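In this text the structure is predicted, and so the values were computed from the model without any measurement.
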Amino acid sequence: MRDVVGHYTTWIWLLLVALTTMSWEVGDGGASAGIGTSLVTPLLLLVAFFKVRLVGLHFMELKTAPLPLRILFESWVAAVCGLLLLIYFQVFQVH
Amino acid sequence: MMSGIEVTADTRVARSRAERHLPGEEGVWVFIMGDMVVFALFFAVFVWYRGLDPVLFSESQATLNAGYGLFNTCLLLTSSWFVVLAMNAVRRDLDRQAALLFVLALLCGLGFSLIKVLEYSEKIAADLTPLSNDFYMFYYILTGLHFVHVIIGMVVMLFMALLARRGVSRSGGLSFLEGGASYWHMVDLLWIVLFPLIYLMK
């Protein structure tokens with residue numbers, strides 16, 4: 001069992017849980033006071049998509065998957081994160 | 001000289017291709033990427049509508065319990081990690097350990113479901129339904145669609161535990177296990193985005 005648990009992905013899991021807890025502190029707790037409200041959402045989104053990439057590369061094993069699939073996944077992460085940020089900053093809306 | 005170099009280069013390319021491995025059947029990955037595109041559209045539409053009425057969305061979001069969201073995110077992350085460990089065990093022919101880890105992953109999914117049901121029933125008791133406003137319509141559709149994925153994933157985990165116990169990975173079942181594992185990670189991955197969008201964003 002030690003062989004199985006002593007894998008580097010255990011550190012990835014700890015990092016994911018830590019980032020999740022920090023996001024919750026920033027989004028729901030008082031930790032956002034020092035950051036400024038306008039930066040909270042972009043920060044939360046960037047952290048979320050960083051976590052998504054960790055899950056994809058290390059848990060879904062896309063790090064060692066055929067390159068086209070890895071590129072497709074990385075493109076999804078970049079495109080969706082970018083799109084959500086653009087919509088959030090109302091780039092597409094006519095004032 | 002020239003041909004010697006070419007052979008070496010070809011061998012290197014061939015080796016790096018062989019080392020790259022698709023976890024699961026191709027069809028599973030077509031489904032996974034398709035599902036991710038559909039959810040991406042839902043995310044975008046949600047953020048768009050939020051921009052049209054930020055006050056309503058903020059006020060409605062404040063009625064949610066972000067603690068449930070945090071706990072459920074950690075449950076799915078842990079569940080995913082158990083599946084990673086289970087696949088490690090499968091590849092080392094540790095059948096019983098693999099089966100146990102798949103059951104632990106399933107139990108995390110069950111915990112997620114219980115909290116989701118508790119959360120829905122609290123909201124419905126407070127008269128907050130899909131018809132209340134746009135935020136709650138999105139809340140029920142997005143988390144509901146994701147919840148369906150969790151329920152399917154728990155059935156898949158049960159099958160995987162049974163297969164691992166029988167040592168199926170050695171008789172060609174490895175690809176099925178890899179596909180199921182990839183699907184379960186996708187369910188985790190989609191929730192990682194839903195958690196800040198629904199519970200946290202300002």
Side-chain angles (χ1 to χ4, degrees), chain A residues 1 3-5 7 9-10 12-14 16-17 19-21 23-29 32 37-45 47-49 51-56 58-67 69-70 72-73 76-77 79-81 83-90 92-93, chain B residues 16-17 19-24 26 29 32-33 36-37 39-40 43-48 50-52 64-67 69-70 73-74 77-78 80-89 92 94 97-98 100-101 178 181-182 184-186 188-190 192-197 199-202:
Chain A
M1 200 64 171
D3 273 8
V4 173
V5 179
H7 193 250
T9 44
T10 300
I12 303 283
W13 169 69
L14 283 172
L16 286 166
V17 171
L19 287 172
T20 301
T21 312
S23 295
W24 172 74
E25 282 284 346
V26 169
D28 195 52
S32 62
T37 317
S38 61
L39 285 178
V40 168
T41 299
L43 185 74
L44 290 173
L45 286 176
V47 169
F49 281 93
K51 283 159 63 188
V52 162
R53 195 166 173 267
L54 286 179
V55 169
H58 304 288
F59 285 8
M60 293 173 107
E61 301 176 16
L62 289 172
K63 203 176 144 191
T64 51
L67 271 183
L69 185 63
R70 177 168 174 179
L72 200 62
F73 173 76
W76 184 90
V77 173
V80 180
C81 186
L83 179 65
L84 296 188
L85 284 172
L86 289 176
I87 296 174
Y88 177 72
F89 286 116
Q90 310 210 329
F92 304 115
Q93 276 174 38
Chain B
S16 75
R17 269 187 199 149
E19 279 164 5
R20 294 201 159 268
H21 166 74
L22 182 71
E26 258 175 51
W29 280 97
I32 287 176
M33 293 312 295
M36 283 171 64
V37 169
F39 266 89
F43 299 155
V45 171
F46 175 80
V47 178
W48 178 276
R50 191 184 205 289
L52 296 179
L64 292 178
N65 184 343
L70 169 71
T73 310
C74 292
L77 288 172
T78 306
S80 246
W81 176 58
F82 281 141
V83 168
V84 171
L85 299 182
M87 291 309 294
N88 286 346
R92 287 158 198 250
L94 301 169
Q97 289 184 14
L100 174 68
L101 285 160
E178 285 176 339
S182 301
W184 192 240
H185 294 313
M186 178 204 67
D188 178 26
L189 182 155
L190 293 173
I192 288 175
V193 184
L194 280 177
F195 170 53
L197 284 191
Y199 291 87
L200 303 177
M201 84 180 265
K202 306 264 182 217

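B:Trp29 places no side-chain N or O within 3.5 Å of a backbone atom of A:Leu69 that could act as its donor or acceptor partner. Checked by atom type and distance alone, the side chain of A:Thr64 never pairs as donor or acceptor with a backbone atom of B:His21 at under 3.5 Å.
Residue A:Val55 touches chain B through its side chain alone, counting heavy-atom pairs closer than 4.5 Å. With a threshold of 4.5 angstrom between heavy atoms, A:Trp24 approaches chain B through its backbone and through its side chain. In this structure, chain A has heavy atoms under 4.5 Å from both the backbone and the side chain of B:Ala66. Contacts between B:Met201 and chain A at a heavy-atom distance below 4.5 Å involve backbone atoms as well as side-chain atoms. Within the 4.5 angstrom heavy-atom criterion, atoms from both the backbone and the side chain of A:Leu84 approach chain B. Both the backbone and the side chain of A:Val17 come within contact range of chain B, judged by heavy atoms closer than 4.5 Å. Proximity to chain B (any heavy atom under 4.5 Å) is shown, for A:Phe73, by both the backbone and the side chain.
Interatomic distance, B:Arg20 CZ to A:Glu61 CD, rounded to the nearest 0.5 Å: 12.5 Å. The distance from the NZ atom of B:Lys202 to the OG1 atom of A:Thr41 is 8.0 Å, given to the nearest 0.5 Å. For the atom pair NE2 (B:His185) and CZ (A:Phe59), the distance works out to 7.0 Å, reported to the nearest 0.5 Å. Residue A:Ile12 holds its CD1 atom at 12.0 Å from CG of B:Leu77, rounded to the nearest 0.5 Å.
Chosen from B:Ile192, B:Val47, B:Leu70, B:Val84, the residue pairing most often with chain A at heavy-atom distances under 4.5 Å is B:Leu70. Options A:Pro66, A:Ala48, A:Gly56 differ in how many heavy-atom pairs under 4.5 Å they form with chain B, and the most are formed by A:Pro66. The choice from B:Val83, B:Asp188, B:Thr78, B:Leu197 that makes the most heavy-atom pairs within less than 4.5 Å of chain A is B:Thr78. When each of B:Ala181, B:Pro196, B:Ser80 is checked for heavy-atom pairs under 4.5 Å with chain A, B:Ser80 comes out on top. Contact count against chain A (heavy-atom pairs under 4.5 Å) is highest for B:Ala44 among B:Gly24, B:Ala44, B:Gly69. If you tally non-hydrogen atom pairs under 4.5 Å between each of A:Leu72, A:Val47, A:Leu54, A:Leu83 and chain B, the highest count goes to A:Leu72. Between chain B and the options A:Val80, A:Leu45, A:Leu67, heavy-atom pairs under 4.5 Å are most frequent for A:Leu67.
Only one option out of B:Phe43, B:Trp48, B:Phe46 pairs with A:Ile87 in a side chain to side chain contact (heavy atoms under 4.5 Å, CB included); it is B:Trp48.
Looking only at side-chain heavy atoms (C-beta outward), B:Leu189 and A:Met60 come within less than 4.5 Å of each other.
In plain terms, the two heavy atoms of B:Leu200 and A:Ser23 that are nearest each other are CD1-O, 3.7 Å.
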